[in-house]
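What follows is a single structure, written as structure tokens, with notes after it.
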Amino acid sequence: MKTSSLSTETIQSLRLLSNQMISKAGSGHPGIALGAAPILYELYANQLNVDPENPNMINRDRFVLSAGHGAALLYATLHAAGFDLSAQDLSEFRQPHSKTPGHPEVGVTPGVEATTGPLGQGLGMAVGMAMAEAKLNNQFPSVIDHFTFALVGDGDLMEGVSHEVASLAGQQKLGKLVVLYDDNAVSLDGLKKRSDISNNLARFASYGWDIREVADGNDLEAIHDAIENAKMSPEPTLIAVKTIIGDFGPFAGTNKAHGTPLDSQQLQDLSSALDVDIQNFELPSNLLEDLRAKISNRLLHQKQPLNDELTDYLQFSTKNTVTIPELPTDLKVQAGRKISKYVLQNFATQLPQLWGGSADLVASTNAEVVASPLFNADDRSGRNIAFGVREFGMGAVMNGIALHGGTKVFGATFLAFSDYMKAAIRLSALQHVPSIYVFTHDSITVGEDGPTHQPVEQLMGLRLIPGVDVLRPGTAEEIASAWQRALTSTDRPTILILSRGEIGAQGSTDQAKQSFENGAVQIRHHDEAKINLIATGSEVQIAQKVSELLSLPSNVVSMPNLSRFLALDDDKKQQIIPETGTKNVIIEAGTTLGWQGIAGNDGVIFGIDEFGMSAAAQIALDEFGFNAEDIVDKITQELQ
């Protein structure tokens, strides 16, 4: 491929335009915009099969800007490519409610595939997209057959999550994943070597990646050839493109180029150095026509799906209704994770697009599709993913799978280890993707493994994340309903909190349905109740026993979704938890912080505000006062 004068002029114009956006905003990241412009141009001009008029085209190539601080360059390129981004939109970079936020946000900017900026996670989401493509291509080869590209920087590759997901990608032999590395050896605080002397190429090679290098980041022909060769590799490919951060600008090659907007004189000097001039964020029409024609011409040659296969894919990918199975009587008293396993098998039969796995904990979490093999490089039909001990990576990959579309994904680990993946859960919520997180071993009943494995603050911490359904079911029927709610969600992630120990046989199907409609439900009612016993998870059975032992009449309330209950109007809340003449008692084996609003000024909260202990489950419960007799004694003392 020969580089044309129009190509060179477009690249230089993208450099200037993105810096004009940054300078007008008064903040942003000029360095990557100047250094990586040839990479973005090559992708959109000569590689990506995308349709700017139909950004959600099913079989489009995906591009993830993992180095999300390069947002201005991405927006300028999307505008030039013909996506629905105007010059006015570019001028509103980083302004409130604009289509051009400070870091890319999926659903806000046409053509943006993932919300990135927290470094390393974009790479993980690209891995997830490539895994989804591989799985769907196996079943619908004429419908799904595309590449996934990502651009990463030094910061992305320093983040630990990059190690997790790159290792997984190599294990899976994701040949249609091409990652371009903006290799400028500079990070925000200085030269990369001041904090990181890693040989990233050797590291990725050790994971089973194909490695390619481009010595000059301005050599468009070399970038083109490297990508073309990468597309023929049976392994995922890392292309290290040696760039100069802030190229052509006043701070070229230094860390100051990373985040220092250019002033008016520096912008004028940059315009002269690039030999281009742009007024009012308007690119010359001949440059727009040339780039958009290249994209249109590729679309003309894209293979069309077989009609019957497309119909099958649409039916497969859009099925979103499930029926709760009848639960055997002997199952209802078992551990939450075992009840979950039973209903998951039934739902997996109803939803063939469901797949997932655990962070090397299937034997403990019971989160698997029993009748299916592993998804791997030799069998893309498998519905179980061996994520390995990579909790954060698992969450990032799950988000990529969900963003790709066409399947439904779950991932599981112990609740205590949800801390490893909280940043990914946060991005699930921010991107409105229906990832399903399954966290078992939900309290001090984990037992002898001790306080390192016994969650205390995690449950309430997860509830603080906006836009997530955190469900801690307290009955077998609620576990089944929780899974149903998770599987039918289309725009928000769900977290299922499940017990290692027995859940108890209390509750009914109707009550479970009401509990998820309102966040809470009375599972034991007394017309003259003086006490409202409010519990979650396996503590609901303790509340039941407390109710039986108390001398005063009481209601027992299961509250699987605290956030949903808090969102009810006051009248509805009082129907579930009567206020007049009653005292509220909270029972949850976790931090008490956050329950005060439910307990009220004269309420009582039974919780744990310290770490657990290494002891058998019942001994640990007794030690922290989580048995019915102790709770009854304390309630009685409170009432005296």
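All of these numbers come straight from a predicted model, not from anything done at the bench.
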[atom1] of [X] to [atom2] of [Y]: how many Å apart, nearest 0.5 Å?
X      : Y      : atom1 : atom2 : value
Gln596 : Asn584 : CD    : CG    : 12.5 Å
Ile425 : Phe392 : CD1   : CZ    : 10.0 Å
Met559 : Ile586 : CE    : CD1   : 6.5 Å
Gln353 : Gln139 : CD    : CD    : 9.5 Å
Leu471 : Tyr437 : CG    : OH    : 14.0 Å
Glu579 : Thr582 : CD    : OG1   : 7.0 Å

Using only heavy-atom distances, determine whether the side chains of Thr591 and Glu457 contain a donor-acceptor pair under 3.5 Å. no
Any side-chain heavy atom of [X] within less than 4.5 Å of one from [Y]?
X      : Y      : answer
Asp145 : Lys176 : yes
Gln172 : Arg380 : yes
Val397 : Leu168 : yes
Val470 : Leu562 : no
His163 : Tyr207 : yes
Ser443 : Val456 : no
Ile324 : Ser481 : yes
Thr440 : Arg500 : no

Examine distances only and state if a side-chain atom of [X] and a backbone atom of [Y] form a donor-acceptor pair shorter than 3.5 Å.
X      : Y      : value
Gln315 : Leu310 : no
Glu133 : Thr148 : no
Glu309 : Ser142 : yes
Gln431 : Glu105 : no
Lys319 : Thr321 : yes
Ser499 : Gly501 : yes
Gln511 : Ser508 : yes
Arg472 : Thr536 : yes
Ser554 : Ile531 : no
Asn137 : Ile144 : yes

All N/O donor-acceptor pairs, side-chain side in residues 618-629, below 3.5 Å, sequence neighbours left out:
residue : atom : partner : partner atom : Å
Gln618  : NE2  : Asp622  : OD1          : 2.9
Asp622  : OD1  : Asn627  : ND2          : 3.1
Asn627  : OD1  : Glu629  : N            : 3.3
Asn627  : OD1  : Asp630  : N            : 2.8
Asn627  : ND2  : Asp630  : OD2          : 3.0

Working for side-chain hydrogen bond (donor to acceptor under 3.5 Å, both in side chains), residues Arg383 and Ser372: CA-CA 6 Å; Arg383 298 173 67 183; Ser372 178; 5.1 Å; no
Of Leu403, Val433, Asn399, which meets side chain to side chain contact (heavy atoms under 4.5 Å, CB included) against Leu427? Asn399
What do the steps show when you test Phe410 against Leu487 for side chain to side chain contact (heavy atoms under 4.5 Å, CB included), and what is the final call? CA-CA 9 Å; Phe410 64 87; Leu487 291 170; over 6 Å; no
Might you work through the side chain to side chain contact (heavy atoms under 4.5 Å, CB included) test for Met131 and Leu174, ending with a clear yes or no? CA-CA 7 Å; Met131 287 176 62; Leu174 300 175; 3.7 Å; yes
Shortest non-hydrogen separation from [X] to [Y] and the atoms involved:
X      : Y      : result
Gly607 : Thr592 : CA-CG2, 3.7 Å
Val409 : Gly356 : CG2-CA, 4.3 Å
Gly128 : Ile401 : O-CG1, 3.3 Å
Glu588 : Met460 : OE1-CE, 4.3 Å

Side-chain ion pair, [X] and [Y], N-O less than 4.0 Å:
X      : Y      : result
Lys422 : Glu391 : no
Lys572 : Asp569 : no
Glu477 : Lys332 : yes
Asp469 : Arg485 : no
Arg564 : Glu517 : no

Could you go through residues 336-344 and list every donor-acceptor pair under 3.5 Å that involves a side-chain atom there, pairing it with any protein atom two or more places apart or in another chain?
residue : atom : partner : partner atom : Å
Arg337  : NH1  : Ser364  : O            : 2.8
Ser340  : OG   : Trp483  : NE1          : 2.8

Which label fits Phe414 and His441: parallel for a plane angle under 30°, tilted from 30 to 60°, or perpendicular past 60°?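 If you compare the ring of Phe414 with that of His441, the planes turn out parallel.
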Intermediate values then yes/no, side chain to side chain contact (heavy atoms under 4.5 Å, CB included), Thr365 and Leu498: CA-CA 9 Å; Thr365 64; Leu498 303 170; over 6 Å; no
Intermediate values then yes/no, side-chain hydrogen bond (donor to acceptor under 3.5 Å, both in side chains), Gln350 and Asn346: CA-CA 7 Å; Gln350 298 182 53; Asn346 188 285; 2.6 Å; yes
Using the ring centroid of each side chain, check whether Phe140 and Phe316 are separated by less than 6.0 Å. yes
cation_pi(Lys408, Trp355) dist<6.0 Å, angle<=45: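 So Lys408 doesn't make the cation-pi contact.
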For residues 520-527, dump all side-chain donor-acceptor pairs below 3.5 Å to protein atoms at least two apart in sequence or in another chain.
residue : atom : partner : partner atom : Å
Gln522  : OE1  : His525  : ND1          : 2.6
Gln522  : NE2  : Ile576  : O            : 2.9
Arg524  : NE   : Ser547  : OG           : 2.9
His525  : NE2  : Asp527  : OD1          : 2.8
His526  : ND1  : Glu528  : N            : 3.1

Assess the residue pair Ser167 and Arg390 against the criterion (side-chain hydrogen bond (donor to acceptor under 3.5 Å, both in side chains)); give the C-alpha distance rounded to whole Å, side-chain angles, the decisive distance to 0.1 Å, and a yes or no. CA-CA 10 Å; Ser167 175; Arg390 304 181 178 104; 2.8 Å; yes
side-chain hydrogen bond (donor to acceptor under 3.5 Å, both in side chains) between Ser515 and Ser558: does it pass, once the steps are laid out? CA-CA 7 Å; Ser515 73; Ser558 175; 5.8 Å; no
